[in-house]
Amino acid sequence: MLLNREVNVYPYQRKSVSENTIGYLKENGEIIDTQSSTDSCENCREISLDNSPEALEILRHSTAHLMAQAIRELYPDAQFFVGPVVDEGFYYDFRTSEKIGEEDLKKIEKKMKELVKKKLPIERYEISKAEAIEKFKNDDLKQAVLKNIPSETVSIYRQGDFEDLCRGPHVPNTRFLHNFKLTRVAGAYLGGDENAEMLTRIYGIAFADKEALKAWQKMMEEAKRRDHRKLGTEMELFMFNDEAGAGLPFWMPKGARLRSKLEQILWRSHRRRGYEPVRGPEILKAEMWRTSGHYACYGENMYLTEIDGQEYGLKPMNCIGHILIFKNSTKSYRDLPLKYFEYGVVHRHEKSGVLHGLLRVREFTQDDAHIFCTPEQIKPVVLEVVEFVDAVMKKFGFDYTMEISTKPDKAIGDDEVWEIATQALKDALDENALDYGIDEGGGAFYGPKIDVKITDAIGRKWQCGTIQVDFNLPERFDVEYVAEDNTRKRPVMIHRAILGSFERFIAILTEHYAGEFPLFLAPTQVIFVPIAEEHTPYARELADMLRAEEIDTEIYDRNDSLNKRIRMAEKQKVPYVVIVGDEEVKSRTVAIRDRRKKEQYNLSSDEFMLQLINELKEGKI
RNA sequence: GCUGAUAUAGCUCAGCUGGCUAGAGCACCUGAUUCGUAAUCAGGAGGUCGCGGGUUCGAGUCCCGCUAUCAGCUCCA
């Protein structure tokens with residue numbers, strides 16, 4: 001937010017109203033700092049030093065500058081690009097002749113603390129852009145920044161003998177900047193351009209008080225504890241193998257149990273909603289991918305090979321299989337909307353640097369469906385899919401947001417059809433009273449879409465589900481149905497995924513539940529701990545009963561102390577640990593440690609069985 | 001793909017500036033112990049230190065290449 005006001009008194013510093021005032025919030029939401037405010041700033045709300053979004057915005061921006069100042073003192077030849085505030089703190093991009101590593105962060109932090117102690121006033125003044133260009137003539141990074149500034153005057157902030165081109169806002173004095181932490185050092189392309197020079201970027205975080213900083217650090221530890229890669233190894237859910245290749249997950253028995261449960265739940269919910277299961281081949285002739293446009297638009301990400309002198313491609317998407325199945329026989333308008341679904345295994349050549357546990361892999365399985373319908377049916381079909389998405393998200397307790405992406409500049413199809421489709425998407429959401437954002441011009445070239453983003457346990461957003469309206473592929477593959485008037489018409493295709501992919505979804509689920517999956521998903525649902533050897537047959541008998549109900553159990557009857565076996569069982573994060581001893585055998589009961597209720601109680605074996613069967617019904621979507 | 005870092009037993013990690021048969025905890029195996037709600041005791045086995053080359057009298061340690069992972073950038077389910 002660039003300030004258009006004429007505040008060019010130098011050195012000018014308005015006297016703070018209170019010791020704790022670090023800026024003002026204008027009615028239009030604009031934040032100005034004490035250096036910029038004039039007496040005319042009426043109706044402004046004071047921003048004091050706290051953890052409000054406005055205060056943090058100022059605080060973090062100033063901490064970024066403080067860091068720059070410290071870096072300049074430690075590395076005199078440092079040149080700075082930009083240092084903005086981002087969701088998770090702030091960063092500054094810069095260049096030095098010396099390499100900076102993680103171990104240097106402490107040194108920089110120390111220098112920053114020294115500067116804070118000096119209680120340097122942070123002053124602001126304005127100069128013309130021409131003056132600025134002259135002033136920073138030996139600094140090509142600043143020149144690059146200046147090039148992007150449209151206004152004729154620019155502001156400079158000064159603290160001690162450090163000056164930086166900046167639009168602010170800033171706190172009035174470095175003394176406000178006590179609670180910060182430099183988190184990591186990384187490379188970043190100048191201007192985000194892959195082909196440009198790479199600068200050094202240091203990330204940091206800052207808060208108004210020590211408590212907030214501590215709370216943040218705790219949250220980071222919690223995130224680490226929940227990391228699906230860590231839990232996946234500990235719980236033996238999945239693995240990767242260096243020699244087999246990057247981004248190719250292996251599902252171990254426990255992970256496969258979990259995944260299979262999710263697959264089955266979702267399979268049934270599709271069948272209940274009238275989806276027809278289909279399955280296409282994993283590999284198709286390249287010619288198919290030329291027709292679809294993938295070869296041209298997505299070719300770099302495809303794995304191609306040759307069979308008997310013909311080029312083939314592993315499928316990166318499932319659309320073609322479904323289209324060819326649709327086309328295999330003449331379809332009537334009576335067949336529409338026709339919903340084909342498949343757990344489609346796809347391969348995409350993701351760049352090596354973006355692979356990330358199960359969240360980003362090269363082989364994954366989409367819960368993919370394609371719905372063939374008439375343009376008039378788009379709305380009810382989308383409505384139904386949105387309800388489906390909502391049911392799934394609610395089942396797992398996820399917060400999610402939706403975003404509609406509209407027609408981009410480069411698009412195919414009539415404006416009229418785009419209008420119908422986009423409106424249908426909007427109506428579907430409006431009628432469901434669901435909030436959504438709009439990404440103007442963010443749609444695919446073949447149609448508008450709704451993206452579903454899950455907010456995970458630590459606030460990150462992940463694109464999972466998607467609902468895309470497609471006019472393109474039906475055209476390219478000449479897909480038709482026979483209409484009521486016996487003419488041939490072109491159906492619309494709706495691509496949709498609810499989970500997105502099993503891999504990504506399970507990663508998010510794992511972090512969401514911190515590995516403590518609900519009964520209907522848990523890899524192992526019940527662990528029996530017989531107190532002594534003679535109680536094992538009873539445990540086995542119960543385990544067999546449960547297995548008949550497809551409940552996964554384990555018996556911890558090894559030659560270890562009871563305490564140890566209970567401890568091991570608890571560490572497995574299973575919903576129920578069941579202890580059986582003399583009493584239980586005698587009365588045919590079980591002593592339950594219920595993870596969810598965090599309590600212990602006894603039930604007859606029949607009651608327990610019934611409770612489990614009932615609880616499993618929670619897994620119905 | 002780019003920048004930087006890392007790679008030692010199934011897992012988590014020690015191993016200083018290059019120097020005898022590479023260590024620990026957990027897991028695993030054997031034996032003793034048979035236990036009422038979060039780690040019983042004793043013994044044992046397990047590593048060509050990611051892979052390939054180089055420097056050196058000597059390399060887990062230094063250098064180069066590759067592979068993989070991590071933090072970002074850029075891009076996506």
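Labels below follow one simple rule: chain letters A, B, ... track the order of the sequence lines, proteins then strands, and each chain is numbered from 1.
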Whole-Å distance between [N] [atom2] and [X] [atom1]?
X        : N     : atom1 : atom2 : value
A:Arg504 : B:A77 : CZ    : P     : 7 Å
A:Lys224 : B:U12 : NZ    : P     : 13 Å
A:Lys453 : B:C76 : NZ    : C1'   : 11 Å
A:Leu231 : B:C11 : CG    : C1'   : 14 Å
A:Leu190 : B:U74 : CG    : C1'   : 14 Å
A:Asp560 : B:C26 : CG    : P     : 12 Å
A:Lys564 : B:G36 : NZ    : C1'   : 19 Å
A:Asp557 : B:U37 : CG    : P     : 19 Å

Please state the [atom1] separation for the pair [N] and [M] - nearest whole angstrom.
N     : M     : atom1 : result
B:G18 : B:C73 : C1'   : 37 Å
B:G50 : B:C70 : C1'   : 15 Å
B:C63 : B:C13 : P     : 23 Å
B:C41 : B:A27 : P     : 11 Å
B:C29 : B:A68 : P     : 34 Å
B:C51 : B:G44 : C1'   : 31 Å
B:C16 : B:A7  : P     : 12 Å

Query raised in the report: Given the rule in the side chain to side chain donor-acceptor pair (under 3.5 Å) test, do A:Asn301 and A:His349 qualify, once you have shown the distances and angles that lead to the verdict?
Result: CA-CA 4 Å; A:Asn301 287 319; A:His349 182 214; 5.5 Å; no

Query raised in the report: Rounded to the nearest 0.5 Å, how far apart are CD1 of A:Ile71 and CG of A:Asp77?
Result: 11.5 Å

Query raised in the report: How long is the gap from CH2 on A:Trp289 to OH on A:Tyr295, to the nearest 0.5 Å?
Result: 12.5 Å

Does the plane of the ring in [X] sit parallel, tilted or perpendicular to the ring in [Y]? Use 30° and 60° as the thresholds.
X        : Y        : value
A:Tyr343 : A:Trp267 : perpendicular
A:Phe398 : A:His512 : tilted
A:Phe396 : A:Tyr513 : perpendicular

[Y] six-ring centre to [X] NZ/CZ under 6.0 Å and within 45° of normal:
X        : Y        : value
A:Arg273 : A:Phe388 : yes
A:Arg201 : A:Tyr91  : yes
A:Arg60  : A:Phe90  : no

Query - Stacking of A:Tyr203 on B:G72 base (centres under 5.5 Å, planes under 30°) - result: no

Query raised in the report: Does A:Arg565 make a side-chain N or O approach to OP1 or OP2 of B:U34 shorter than 4.0 Å?
Result: no

Query raised in the report: Nearest nucleotide by nearest heavy atom, which residue falls closer to the 5' end of RNA chain B, A:Arg229 or A:Ala188?
Result: A:Arg229

Classify the nucleic acid contact of [X] as base, sugar-phosphate or nothing, counting any heavy atom under 4.0 Å across all strands shown.
X        : value
A:Asp582 : base
A:Lys351 : base
A:Val346 : nothing

Requested in this report: Confirm from the modelled atom types if A:Glu584 and B:G36 form a donor-acceptor pair under 3.5 Å, side chain to base only.
Outcome: yes

Report task. Please state whether the base of B:C70 and the side chain of A:Arg184 form at least one donor-acceptor pair under 3.5 Å? Result -> no

Query - Nearest listed nucleotide, side chain of A:Arg593, among B:C73, B:A38, B:A77 - result: B:A38

Query raised in the report: What one-letter contact string describes nucleotides 2-8 of chain B from 5' to 3', where B marks a base within less than 4.0 Å of any protein heavy atom, S marks contact via sugar-phosphate atoms alone, and - marks no contact?
Result: BBS----

